[in-house]
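Please read the structure below before turning to the comments.
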Amino acid sequence: MKTASVLIVVALAWLASAALAQNTSTTAPSAAPAPDTCATCGVVESVRYIEKQGKGSGVGAIAGGVVGGVLGHQIGSGHGNTAATIAGAGVGAYAGNQVEKNVKKKAYYVVSVRLDNGRRQSVTQGARPGVREGDRVKIVNGNRIALLAN
C-alpha cells in the first residue's frame, strides 16, 4: 500500500510538471527589451569660470620701454634727464608687458558632468553655459552640452 501511494504521488507530480511546462502563462516572462541607455548623459557637478593670463612675447615690453624712455627723457635736465629716461624705460617695459599679457588672456567655462555610468567628463566652452549644478544634460559630440528635461 505504501508503494502504491508513493507511485501515485510521483505520477501526480510528473503530470503537474508536464502540464506546467506546456502552459506558457506560468513560464518565466520573456525578457523585455533593455531601455535605451545614454552613454553621454549625466548630471552637472560644477560650472567653473577660468581665466588664464596670456604670455608676454617681449613685444609689449620693448614697445613700452621705448615709449617710457621717450616720455622719461622729456622730464628733467642733465643727470636727472638720464635717470628719468632709465626709470621711464623700466616702468614702460613693465607696463607694456602687462598690457600684452592682458590682451592675450583667455577666459572660458569648464562644465564637469557626472555621467550615468559613473565616469566624469568635462566640457570647455567659451561662452557662459546655460546649465547649472544639478541639471540633467547630454554631452553632444564631446564638446557641447544640451539640457535634458528632467
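Only a predicted model underlies this, so the values are computations on that prediction, with no experimental measurement involved.
- Here the closest non-hydrogen pair linking Cys38 and Asp116 is O-OD2, 4.2 Å.
- Judged as a side chain to side chain donor-acceptor pair (under 3.5 Å), not a single pair has a partner in residues 121-133 (not counting sequence neighbours).
- How far NZ of Lys138 is from CG of Leu147: 13.5 Å, rounded to the nearest 0.5 Å.
- The CD1 atom of Ile139 lies 12.0 Å from the CZ atom of Arg144; values are rounded to the nearest 0.5 Å.
- Of all heavy-atom pairs spanning Gly142 and Val123, the tightest one is O-CG2, 4.2 Å.
- Between Ala146 and Val140, the closest heavy-atom pair is CB-CG2, 4.0 Å.
- The heavy-atom pair separating Val113 from Ile145 by the smallest distance is CG2-CD1, 3.9 Å.
- Heavy atoms only, all atoms of each residue included: Gly126 and Tyr109 are closest at O-CD1, 4.2 Å.
- By the side chain to side chain donor-acceptor pair (under 3.5 Å) test, Asn117 pairs with no residue at all, sequence neighbours left out.
- Hydrophobic clustering of Ile, Leu, Val, Met, Phe, Trp and Tyr side chains at less than 4.5 Å, counting indirect connections, unites Val111 with Tyr49.
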